[in-house]
Colleague: 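Got a structure for you, written out below as structure tokens; questions coming shortly.
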Amino acid sequence: MSELRDVVRSGDATDRDQLILDHLPLLHHIVGRMSWDIPGKVDREDLLGFGIIGLIAAADSFEPERGLKFSTYAFPRIRGAILDELRRLDFLPRGRREKVRALDRAVAELEQELGLPPTPAELAARLGTDEEEVDAILHSARLAGAVSIDDGPSDDLASLLSDPRSDDPEDSAEWKEMKDLLVVAIAGLPEPERAVITLYYGEELLLRDIGEIMEVSESRVSQIHSRALYLLNRALKAGADHRAARARKAS
């Protein structure tokens, strides 16, 4: 942590610098909760270096008068900065990346046919594989940032899950409705996915700890987590589409 503090203190001491220093534990927390997802050629110090870029950017753009907690604002930006750098490194093996692309095409095709993102079972049927393999590819896709798979209110979802009690800076009815949709969507998840979301975001447990509780491997917990986020984004997108249809009808 001392090296990160030196990076921050390289400039003049300001409220911004203090904000960053105060949230270095958040950076370490995020890195600790992501560590299993990362390939062996990237170590923890690399992740911290990637993440500090997101933390500094969050401090530079944060507007406290908007009423959002800084930790809520910074969480998706820190994680996003880490993922952006990993994507730039293009760490996925070629075979896995080809599967991600095939899954991304299947998501886009089925969404066009069905009118909403497909379920993992529908994806498995389209790809001629099983749901466990779909889970593994969804996990890779989440790291690689495949566009159609991540389509939906992902940033809002990350903020809501990291701090579900947070208030919308605009105090909008749309934000409240999204929170209500998220509660319903979590309740509608299958038991393993609901348990992972609750333990990961509610109890803030590490993946390995969740694995011990659920008596599955850490890698399987990570795959279930990816599936849960996909399903939640799917539910929120369906809710947003329904809301937009109501608004068009009302006008």
Side-chain angles (χ1 to χ4, degrees), residues 1-39 41-92 140-147 149-172 174-175 178-179 182 200-201 204 206-207 222 225-226 229 232-233 236:
M1 183 180 291
S2 61
E3 293 181 359
L4 291 176
R5 291 184 182 276
D6 290 342
V7 170
V8 176
R9 285 175 173 155
S10 60
D12 295 333
T14 63
D15 291 342
R16 161 192 172 276
D17 295 337
Q18 192 60 50
L19 190 64
I20 295 169
L21 290 171
D22 288 345
H23 288 83
L24 288 178
L26 175 64
L27 169 60
H28 281 260
H29 177 70
I30 292 170
V31 167
R33 283 153 63 84
M34 290 179 67
S35 292
W36 183 86
D37 294 339
I38 310 307
K41 65 181 180 180
V42 179
D43 61 26
R44 181 183 176 87
E45 290 303 313
D46 291 327
L47 299 182
L48 290 171
F50 303 155
I52 193 65
I53 295 172
L55 177 56
I56 291 172
D60 286 339
S61 59
F62 183 56
E63 299 176 2
E65 64 275 9
R66 290 170 64 88
L68 196 65
K69 287 173 57 178
F70 181 73
S71 58
T72 300
Y73 180 78
F75 185 97
R77 286 155 183 82
I78 294 170
R79 193 173 188 282
I82 295 171
L83 291 179
D84 284 346
E85 187 61 23
L86 290 173
R87 290 163 190 157
R88 189 187 68 79
L89 293 174
D90 195 25
F91 64 84
L92 284 183
S140 297
R142 183 165 64 90
L143 293 179
V147 176
I149 293 168
D150 280 343
D151 191 25
S154 301
D155 289 342
D156 290 334
L157 176 59
S159 295
L160 282 170
L161 287 172
S162 62
D163 185 4
R165 296 171 299 281
S166 63
D167 295 325
D168 174 42
E170 305 297 335
D171 194 27
S172 65
E174 182 177 345
W175 181 265
M178 181 173 290
K179 291 170 76 170
L182 183 59
Y200 190 81
Y201 293 100
E204 297 189 346
L206 299 176
L207 295 178
S222 193
H225 182 217
S226 294
L229 292 180
L232 288 176
N233 262 319
L236 290 181

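Since the model is a prediction, treat every value here as computed from it, not as a measurement.
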Colleague: Less than 4.5 Å apart, side chain to side chain, heavy atoms only: is that true for I78 and V31?
Modeller: no
Colleague: Applying ring pair (Phe, Tyr, Trp, His ring centres under 6.0 Å), can you list everything that pairs with F70, at least two apart in sequence or on another chain?
Modeller: H23, F62
Colleague: Could you name each residue pair satisfying salt bridge (Lys or Arg N to Asp or Glu O under 4.0 Å) that touches residues 47-60, not counting sequence neighbours?
Modeller: R16-D60
Colleague: Starting at CG of L26, measure out to CZ of F75 and round the result to the nearest 0.5 Å.
Modeller: 7.0 Å
Colleague: Locate the shortest heavy-atom distance separating Y73 from S61; write the atom from each residue and the value.
Modeller: OH-OG, 2.7 Å
Colleague: Ignoring hydrogens, what is the shortest heavy-atom contact between I20 and A59? Give both atom names and the distance.
Modeller: CG1-CB, 3.5 Å
Colleague: Using side-chain heavy atoms (C-beta onward) and a distance below 4.5 Å, is I52 in contact with L24?
Modeller: yes
Colleague: How long is the gap from CD1 on I56 to CG on D17, to the nearest 0.5 Å?
Modeller: 8.5 Å
Colleague: CG of D22 to CG of L55: how many Å apart, nearest 0.5 Å?
Modeller: 10.0 Å
Colleague: What distance separates D84 CG from I53 CD1, expressed to the nearest 0.5 Å?
Modeller: 10.0 Å
